[in-house]
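Just follow the structure's listing: the first ligand is 1, and inside any ligand the first atom is 1. By convention here, the first residue in the shown sequence is residue 1.
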Amino acid sequence: MTRTIVFLPGDGIGPEITAIAKRLAQTISDHFDLSLRITEHAFGGASIDQFGEPLTDETLQACLSANAVFLGAVGGPKWDQATARPEAGLLALRKALGVYANLRPVAVHPALAHRSPLRPERVANIDILVVRELTGGVYFGARKRTETSASDTCTYSVSEIERVAHIAFQQARRRRAKLTSVDKANVLETSRLWREVVTRMGKTIYPDITLDHMYIDAAAMHLLRDPASFDVVLTENMFGDILSDEASMLPGSIGLLGSASLGDQAPGLFEPIHGSAPDIAGQDRANPFGAIEAMAQLFESGLDEPRAAMSIRSAVNTMHEAGAWTEDLGGPLSCTQAGDRFLQCLKTSLPAHQAA
Ligand code: IPM
Ligand code: MG
C-alpha cells in the first residue's frame, strides 16, 4: 500500500531543514520497503509570493488526502505588513485537518545538559510532554478592530476541552501518570470551565492519574524552578504556545524539538517547534534536529511505524554522544553537514531488513 507524505517547506530555514526531512523519509522508505510517496507543496509566505495566498486549495487538498503532513516553518518580516499572512495559512491548515491536540515533548539529552540555561543538576531528569489545545481559544475567536480599539475573543466548549484532555490523560497513563492542567481560572471564564471539565474527567474516568492544576503564571515560574517535577502538561492554545517555547529552552536550543498535531483521524501534522528564523535563513546554519525529531513523531504516531521512529532516535543519540552539533549547540557543523552525518548514522543504526 502506497502512503503519501506531503512536505510543506514554507519560509526562512523551512526549506533547508525540510530537505533533510525528505531525505530521511526516503531512506526509511527504502530500508523498510514502505513505498512512501513523497510530495512537496507551496505553503506560507512562499505560497503568497507564488499564488497570492498562504494556503491554496491545491495544497489543502493534497494535505487532506495525505497520510501525514510535514511542515518546515512559516513567516518572516517580508510578509509582516501583508494583508495575507503566512501564519493565517498555518491556522487554516490546523483547523482543516482537525488536529486539535499538539504534543510537544521536551527531554534533555545528558550530553547536552551543559547547554541548558539552567544548572545541569536541575535539568538532569527533565521529561515533559506539553499537550497544547490547537484549534480553539483566542487563536480562532472573532476579532474586531475599530480606529480606537481592538478585541479578540476566547471561547471553549466542553467537547473541545474534553477531547484534548482525553489525549493528555492517556499520554500520562503511558508515562509517569501525572497530569498538570494549566489555566487562569482566577480570572478567565474559559479557564474556570476548563478546570471544571478536567477535574470531572480526572475523578470519573482517570482516577489512576495524579491531577493537579496550576495558574499559567505560576506554571511559567515552576517550569524554571523545578522542571523535572512535570510529566504531562495540558493547556489551552495560547498558554501552550508560550509555555512550550519556554520549555523548549530547557534542553539548550529550540532547534532540537519536534511536535505532533493530531486529530481523530489521519493525517497528522508534524513540525519542528522552532520558527522560520529569517536571520539565519539561506546560510546553512539551521539545526535540523527539530525536523528530524518531528519525522520520528511522524513515523511513530502518523504512520504507525515505531521501528522507523526508534531507528531515527537511536541515530540522534549517536550524534549527541559524538558531539555532532550545529552552532546553536556549540558544534562545528552546518545544517547540511549535520544532515549528512545524521543520515550516515541512521543507515548504520537501521536494523537488518526483514521483508514483510
Ligand atoms: C507555533 C507557532 C505558531 C503558533 C505561529 C507561527 C502561528 O508559534 O506553532 O507555536 O502560534 O501556533
Ligand atoms: Mg509558538
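Classified by interplanar angle (parallel below 30°, tilted 30° to 60°, perpendicular above 60°), the ring pair Phe7/Phe70 is tilted.
Protein heavy atom at the shortest distance from atom 11 (O) of ligand 1 is Tyr139 OH, 2.6 Å. Annotation: atom 6 (C) of ligand 1 to nearest protein heavy atom, Glu87 CG, 3.8 Å. From the protein, the heavy atom lying nearest to atom 8 (O) of ligand 1 is Asp241 OD1, 3.3 Å. Looking only at heavy atoms of the protein, atom 9 (O) of ligand 1 is closest to Arg94 NH2, 2.7 Å.
Proximity of Met310 to Glu300: side-chain heavy atoms (C-beta onward) are nowhere separated by under 4.5 Å.
Between the side chains of His222 and Arg225, a donor-acceptor pair is found at a separation under 3.5 Å. Between the side chains of His41 and Thr56, not a single donor N or O lies within less than 3.5 Å of an accepting N or O. Defined by atom type and a distance below 3.5 Å, a donor-acceptor pair is missing between the side-chain atoms of Asp340 and Gln344. Side-chain polar atoms of Asp49 and Trp79 form a donor-acceptor pair below 3.5 angstrom.
Polar contact with ligand 1: present for Arg132 (N/O pair, distance under 3.5 Å). In terms of polar-atom proximity, Glu271 is not counted as a contact of ligand 1, lacking any N or O under 3.5 Å from an N or O of the ligand.
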Dump the intermediate steps for side-chain contact (heavy atoms from CB on, under 4.5 Å) on Leu250 and Leu224, then the final yes or no.
CA-CA 8 Å; Leu250 300 171; Leu224 298 184; 4.2 Å; yes
Between Thr199 and His213, does a side-chain hydrogen bond (donor to acceptor under 3.5 Å, both in side chains) hold up when you go through it step by step?
CA-CA 9 Å; Thr199 303; His213 302 271; 3.2 Å; yes
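Taking 2.8 Å as the limit, the number of protein N, O or S atoms around the Mg ion (ligand 2) is 1.
Those atoms of ligand 1 that come under 4.0 Å of a heavy atom in Arg104, given as number and element, are 1 (C), 9 (O), 10 (O).
A salt bridge does not link Arg192 to Asp183: none of the charged nitrogens lies less than 4.0 Å from a carboxylate oxygen.
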